[in-house]
Every structure is written in C-alpha cells, then in structure tokens.
J.: 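First, the structure itself, so that you have it in front of you.
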Amino acid sequence: MSLPDFLASSPLAFVLCTLVLGLLVGSFLNVVVYRLPKMMLRDWKAQAREVLELPPEPQPETFNLILPHSRCPHCSHKIRAWENVPVVSYLVLGGKCSGCKAPISKRYPLVELACGLMSAFVAWHFGFGWQAGAVLVLSWGLLSMSLIDADHQLLPDAIVLPLLWLGLIVNAFGLFASLGDALWGAVAGYLVLWCVFWLFKLITGKEGMGYGDFKLLAMLGAWGGWQILPLTILLSSIVGAVLGLILLRLRNVQTSTPIPFGPYLAIAGWIALLWGDQITSSYLQIAGFK
C-alpha cells in the first residue's frame, strides 16, 4: 500500500502526520515573520538609493529566508539541528539559549504549536484530499501574514498576491467555489474595502486602513467566492472591535493608536471558509427565514 493510500484509509494517521508537518512549517514561519520585513526594508532602501542615484550600501552578509543560519540574537550562538526541533527543543533547553542562557521568546514555540494544531484541525475537518492540502497552504499564509501585520502593520504582497492567484487556480477546478464566484469574490473583496477607505477618508480626513487589507479581502474572496465576504466582514468587525478594545485597555494606550486589521480579517476569512455555510444557515433558521 502506498503512503497516499495509507493516509487516505487512516484518518488518524493523516491527522498525526499533518500535525508533525504543521510543527515543522511553524518553525519556518518564525523565520519568515522575522526576516521577510527586514528583507523588504533592505529592498526598499536599495530602490530608493537607485532612484536617488546614490551608491548602493555595502551589505555585510547574505540575508534571506535561508541564510544566514539561525543564531542567538544575544551571543550569536549558531542554532544546531537538535536545538531547532519544534516545541521539543524549547522545552529541553528550558526556554534558554544553550550558549549564553539568555531567555528564548515564548512566541517561537507558541507559533509552532499554533501552526501544528491548526494544520491537524484542517486535516481532521476536510480529510485526506486536495481541499485539505489547499487549505493547509492558505492557513500557513494567513498565520504568517497576521503575525507580520501585528508586528509591523504590514501585509506583504509576497504572501498575499501568490495566495490570491492560488485561490483562483484551485477554484478553476471548483474546489471551494466556481471560478466565476471566485473571480467576483476577488473583485468585490477589493472594492468593498476600497470604498470604505475612501468614504472614511472623505469624512475624517484620515486613512482608516491600509491597501494591504483590500488585497487580503480580495484574496479571501478568491478562495471562498463572493458568498463568504459578508460573513467575513461581519466577523472581522466584531472580533476586531472586541479584541481591539481589550488590547487598548491592557496596554493602556490611546484609542487613536493604529491597530492592524489584517489578523482579524484572516481569522474571520478562515472561519468563513470552513464553516460559512453552516453559520449562515443557522442564522437564517434562527431569524425565521428558513
């Protein structure tokens, strides 16, 4: 029996394998979240110097998602393979660098664990097949861009746009929606927030959100079709309002402090893609429309 046949016939094995895969991907996402914004900043600076006809800045070393190899930010101790096992290495090391004993951020194992559990849930929800594989890729992208947006208020095109195209491609085969619904979902997703942006700016003279949010909602529309957009917008608004107020109170900052909207859109879109039909049907039934 081949491995795909085995995984298809054993849901538990598929879930467990996906859990391990998700933990490994979560470790890589920690690298993406940390390095991609820095890579973009370097690229922006290089482009600016080129436009201004300035000589390029000398770069001390290659810096991308692969090189240099991971190291401790405090003592530059190179992270060995056994120190880079998701979650397990953090527990074995007691949350400290093996070289200088400086504390390691709890965020690293939490991201790995979140990615692993999310991946396992997707495998359980969809079962072995193309839908599970596609949503795994989407989930990893949403997790990484949400963390980057939370840190830098930035939704990188390098993640959002490939996922937008991938959503259209998978729906060319009708995986989650028809190609027509996916196309209009992308169009409507972008235009809805674009209109909200300009209406808010005309009324207040301020920019209420970034263009990355337009692209993110367009990407979600490309995956789930235009039908998931109302629920996505509603859920993201509710979650954003509640969690935003909680964060403002906990951090004791002013209400004018910018709060990234991308993570709330990502959470709402993920929920709408997995349970949109059930949530909508339940609401219509409770409201007496069914």
Side-chain angles (χ1 to χ4, degrees), residues 118 121-122 125-126 129-146 149 155-202 207-243 260-290:
M118 181 186 299
F121 181 82
V122 168
H125 182 83
F126 288 102
W130 288 108
Q131 281 190 324
V135 176
L136 282 174
V137 175
L138 174 65
S139 301
W140 299 335
L142 290 174
L143 178 59
S144 60
M145 71 177 71
S146 296
D149 197 26
L155 289 167
D157 285 349
I159 300 177
V160 178
L161 295 184
L163 284 176
L164 192 157
W165 285 107
L166 182 60
L168 294 175
I169 291 171
V170 299
N171 283 325
F173 302 95
L175 212 57
F176 303 101
S178 69
L179 181 57
D181 288 344
L183 174 62
W184 287 112
V187 173
Y190 190 92
L191 288 180
V192 165
L193 291 188
W194 182 85
C195 291
V196 171
F197 170 87
W198 282 106
L199 181 62
F200 183 83
K201 188 172 183 178
L202 289 173
E207 297 184 355
M209 65 181 68
Y211 280 68
D213 296 320
F214 312 167
K215 300 172 190 176
L216 174 54
L217 189 59
M219 182 265 283
L220 294 170
W223 277 81
W226 61 266
Q227 295 88 341
I228 74 166
L229 294 180
L231 180 60
T232 300
I233 295 171
L234 176 62
L235 288 177
S236 62
S237 300
I238 295 173
V239 173
V242 173
L243 293 183
F261 191 49
Y264 308 129
L265 274 177
I267 293 170
W270 192 78
I271 292 173
L273 185 64
L274 268 65
W275 296 289
D277 291 339
Q278 296 92 317
I279 294 173
T280 302
S281 297
S282 299
Y283 172 77
L284 292 176
Q285 188 173 7
I286 294 172
F289 293 104
K290 281 192 175 183

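Sequential numbering from 1 along the given sequence is applied to the chain's residues.
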J.: Say whether, by atom type as modelled, one donor and one acceptor occur between the side chain of Asp149 and the main chain of Pro260 under 3.5 angstrom.
T.: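 Absent.
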J.: Measure across Ser144 and Ile159 and return the closest heavy-atom pair with its distance rounded to 0.1 Å.
T.: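 Looks like OG-CD1, 3.6 Å.
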J.: How long is the straight-line distance from CG of Leu217 back to CH2 of Trp194, given to the nearest 0.5 Å?
T.: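 The distance works out to 15.0 Å.
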J.: Closest approach of Leu229 and Gly185, non-hydrogen atoms and distance?
T.: CD1-O, 3.5 Å
J.: Give the minimum heavy-atom separation between Leu231 and Gly276, together with the two atoms involved.
T.: CD2-CA, 3.7 Å
J.: Can you name the one residue among Phe261, Tyr211, Tyr190 that meets ring-ring contact (aromatic ring centres under 6.0 Å, His included) with Phe197?
T.: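 Exactly one pass, corresponding to Tyr211.
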J.: Is Val122 close to Leu138 at the side-chain level, that is, under 4.5 Å between some pair of heavy atoms?
T.: no
J.: Which distance, rounded to the nearest 0.5 Å, do you find between the CG of Asp181 and the CD of Gln227?
T.: 4.0 Å
J.: Give me the atom names and distance for the closest heavy-atom approach of Ala222 to Ala182.
T.: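 Here Ala222 and Ala182 meet closest at O-CB, 3.2 Å.
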J.: With a 4.5 Å limit on heavy-atom distance, are the side chains of Leu220 and Trp223 in contact?
T.: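 Not touching, per the 4.5 Å side-chain cut-off.
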J.: Atom CG of Leu235 and atom CD1 of Ile267: how far apart are they, to the nearest 0.5 Å?
T.: 10.5 Å
J.: On a heavy-atom basis, which atom in Leu155 and which in Asp213 lie closest, and how many Å separate them?
T.: CD1-OD1, 3.4 Å
J.: Mind checking whether Phe126 and Leu274 have side chains closer than 4.5 Å, heavy atoms only?
T.: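 Side-chain contact under 4.5 Å: yes.
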J.: Drop me the distance from Ile228's CD1 to Ile233's CD1, to the nearest 0.5 angstrom.
T.: 10.0 Å
J.: Do Leu265 and Met219 make a side-chain contact, defined as non-hydrogen atoms from C-beta onward lying under 4.5 Å apart?
T.: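 A side-chain contact under 4.5 Å is absent here.
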J.: Looking at Trp275, I want to see if its CH2 is surrounded by more than 12 non-hydrogen atoms of other residues, nucleotides or ligands under 6.0 Å.
T.: yes
J.: Taking the ring of Phe214 and the ring of Trp198, is the distance between their centroids below 6.0 Å?
T.: no
J.: Do Leu183 and Asn171 touch side chain to side chain, with heavy atoms closer than 4.5 Å?
T.: no
J.: Tell me, do His125 and Val135 make a side-chain contact under 4.5 Å, heavy atoms counted?
T.: no
J.: Measure the spacing between CZ of Phe121 and CG of Leu136 and express it to the nearest 0.5 Å.
T.: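 Reported to 0.5 Å precision, the distance equals 12.0 Å.
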J.: Looking at OG of Ser146 and OH of Tyr264, how far apart are the two atoms once the value is rounded to the nearest 0.5 Å?
T.: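 One gets 10.5 Å once the value is rounded to the nearest 0.5 Å.
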J.: Okay, side chain of Gln131, backbone of Phe176: is any donor-acceptor separation there less than 3.5 Å?
T.: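 No, Gln131 side chain to Phe176 backbone: no donor-acceptor pair under 3.5 Å.
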J.: If you count heavy atoms of other groups shown closer than 6.0 angstrom to CG of Asp277, is the number above 12?
T.: no
J.: Using a 4.5 Å cut-off on heavy atoms from C-beta on, say whether the side chain of Leu193 contacts that of Met209.
T.: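 The answer is yes, as the side chains (C-beta and beyond) meet within the 4.5 Å cut-off.
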J.: How about Leu163 and Leu166: do any of their side-chain heavy atoms sit closer than 4.5 Å?
T.: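 Yes, their side chains come closer than 4.5 Å.
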J.: Where do Leu273 and Gly224 come nearest, in terms of heavy atoms and distance?
T.: CD1-CA, 3.8 Å
